[in-house]
Amino acid sequence: MSKEKEFRNYKVVRPEWVVDSVRVGKQLPWHKYRLIGQGNIGASINALSDPLSQLSAQPARQGSESGNLGLLVKPTLVIDRFNEGLNRSWVRKNLASDKDFIKRYYKNSRLHHLSTWKAEMKDYVAQLRSKYRKGKGTDKKVDRGNRIIMHVDFDCFFVTASLLSHPYLKDKPVAVCHSQQQQQQPVDSDQIDEESLRAMSRLGGTSQIASCNYTARSFGVRNGMFLGPAREKCPGLMTVPYYFDTYKRISRRFYEELTRIADEIQAVSIDEALLDVTEAVHHGFGGSPERLAHHIRQIIYEQTQCVVSIGIGPNILLARVATNKAKPDGVFTIAADQFDTIDLKVRDLPGIGYTLEKDLVQHNIASVRDVRNATLAELQAICGEKTGQALYEHSRGIDNRVLESDKLRQAFGADIGWGWSAK
DNA sequence: ATCCTCCCCTAC
DNA sequence: TAAGGTAGGGGAGGAT
Ligand SMILES: Nc1ccn([C@H]2C[C@H](O)[C@@H](COP(=O)(O)OP(=O)(O)OP(=O)(O)O)O2)c(=O)n1
Ligand SMILES: [Mg+2]
């Protein structure tokens, strides 16, 4: 459905257009072969994926209108300097056909690390739980009410951890990315001359920023941005490299401490965990979640020299939203009856990303308050049955999900969508 | 209704 | 210059 929308204004034909055109030795008019705009696209697609249907395709009658080229392939960027680049050793090493390409690629891909670490940390938590003889967490359905959930998340994790090796950059705007091209010395952008500023903003490129610190964020830089646009916003932006081993070492200490403390724990990622501390707050913290949070922040900092922020709430949703309010370097609590008073955009809700935000805004739903003013049926018409239901509940601060630490893996896979080719 | 297939979307 | 992976929830449309 999304592709139908994306290609609505393009000429997209079924493969028979190619076969038939070859058969008659010229380009046939494309209209009769049109894939989009005929209705019933589902059936056409089913037919496409059935190899027998290709064999039995009827030869088309010859049309008389003169068709122009109907098959549209999304335009591909052609690198003019390709041949020049081919001789350079960097490109030669990164041809996807190189025999060690996959190994080298995975060694350097932060997203690959993120994915494998997530699985490893789930495993590690399971190990630690049995080592610490933590409960099975099976009877949760009995007393689901009145839980205390914490969301613990390192502040700009990769930057903080990389800066342990580059401490003198701590107060500058800093990003972690592969490109290390930059001024030799960090500068303050307010005391630098125009020309150097322009020179620095040209030190851009398409290296992705995995993480940037809060100084950089004050300029509008964000995780996931390309370095080029980031330096336009923040010309003095310094970069530091990845230290993958350090990130993993820190994360293991993080999970060791948290698993010991929490009643229940769910590993969310290398730098982020959900805790159920309903009982734990009574073990030396006088029943105060904030005092326990303070203790956790202290102990994690001692152990890792990295800062975590903590969100506290009666369910996963509120704890996560609270973390965003807590950052950087803080703790924030949202009680069930406070949620309505917080001014949030739909995009601030976990689970609402780029596309769902667009879909909702198209229906004049931009804020969480707007969601609350919509009916369940309206939301389900926009987002689908379950997503609409979840949105309806989340907009009211309702979230009945429980922490999961012992789910079985359902799938595995591997893919690479980057690399250089010899044309 | 429910299941199956082929996607889309989100998160880190 | 450049290292955009991957699991899991879920929707649409058709088959059973
Ligand atoms: N687009 C992204 C987002 C994240 N990450 C990596 C680097 C981050 O440091 C780490 C953790 O992601 P977070 O979303 O927790 O972001 P940060 O920890 O960097 O910042 P903060 O949590 O303070 O917002 O995952 C990445 O490589 N690419
Ligand atoms: Mg973080």
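- Listed nucleotides: B:dC9, B:dC12, C:dG5. Nearest to the side chain of A:Thr355: B:dC9.
- Both A:Gly413 and A:His178 lie near DNA chain C, and the one whose nearest nucleotide falls closer to the 5' end is A:His178.
- One P atom belongs to C:dA3, the other to B:dT10, and the distance between them is 23 Å to the nearest Å.
- In this structure, the side chain of A:Asp399 engages the main chain of A:Leu317 through a donor-acceptor pair within 3.5 Å.
- Here C:dT1 is the nucleotide among B:dC8, C:dG4, C:dT1 with the atom lying nearest to any side-chain atom of A:Trp420.
- Of the candidates C:dG4, C:dA2, C:dG8, C:dG8 carries the atom nearest the A:Lys122 side chain, counting heavy atoms from C-beta on.
- At least one side-chain nitrogen or oxygen of A:Ser179 sits closer than 4.0 Å to the OP1 or OP2 atom of C:dA2.
- Of all nucleotides listed (B:dC9, C:dA2, C:dG5), B:dC9 comes nearest to the side chain of A:Leu356.
- No more than 12 heavy atoms of other residues, nucleotides or ligands lie within 6.0 Å of CZ in A:Arg369, so this atom counts as exposed by the packing criterion.
- Distances shorter than 4.0 Å separate some side-chain N or O of A:Lys407 from OP1 or OP2 on C:dG9.
- Contact check, A:Gln208 against C:dA3: no side-chain N or O comes under 4.0 Å of OP1 or OP2.
- Mapping A:Arg409 and A:Thr387 onto DNA chain C via the closest heavy atom, the residue that lands nearer the 5' end is A:Arg409.
- Aromatic ring centroids of A:Phe244 and A:His112 lie 6.0 Å or more apart.
- With C:dG5, B:dC9, C:dG4 as the choices, the nucleotide that has an atom nearest any side-chain atom of A:Leu114 turns out to be C:dG5.
- Here the nucleotide nearest the side chain of A:Tyr354, chosen from C:dG4, B:dT10, B:dC8, is B:dT10.
- Considering only side-chain atoms of A:Asn108, the nucleotide from B:dT10, B:dC12, C:dA3 that sits closest is C:dA3.
- In summary, A:Arg129 and A:Asp406 do not engage in a salt bridge, as defined by a charged side-chain N under 4.0 Å from a carboxylate O.
- The side chain of A:Arg104 has C:dA3 as its nearest neighbour among C:dT6, B:dC9, C:dA3.
- Side-chain contact annotation: A:Tyr214 with A:Asp329, donor-acceptor N/O pair under 3.5 Å absent.
- Considering only side-chain atoms of A:Arg320, the nucleotide from C:dA3, B:dC12, B:dC9 that sits closest is B:dC12.
- Among the nucleotides B:dC12, C:dT6, C:dG10, the one closest to any side-chain atom of A:Lys386 is C:dG10.
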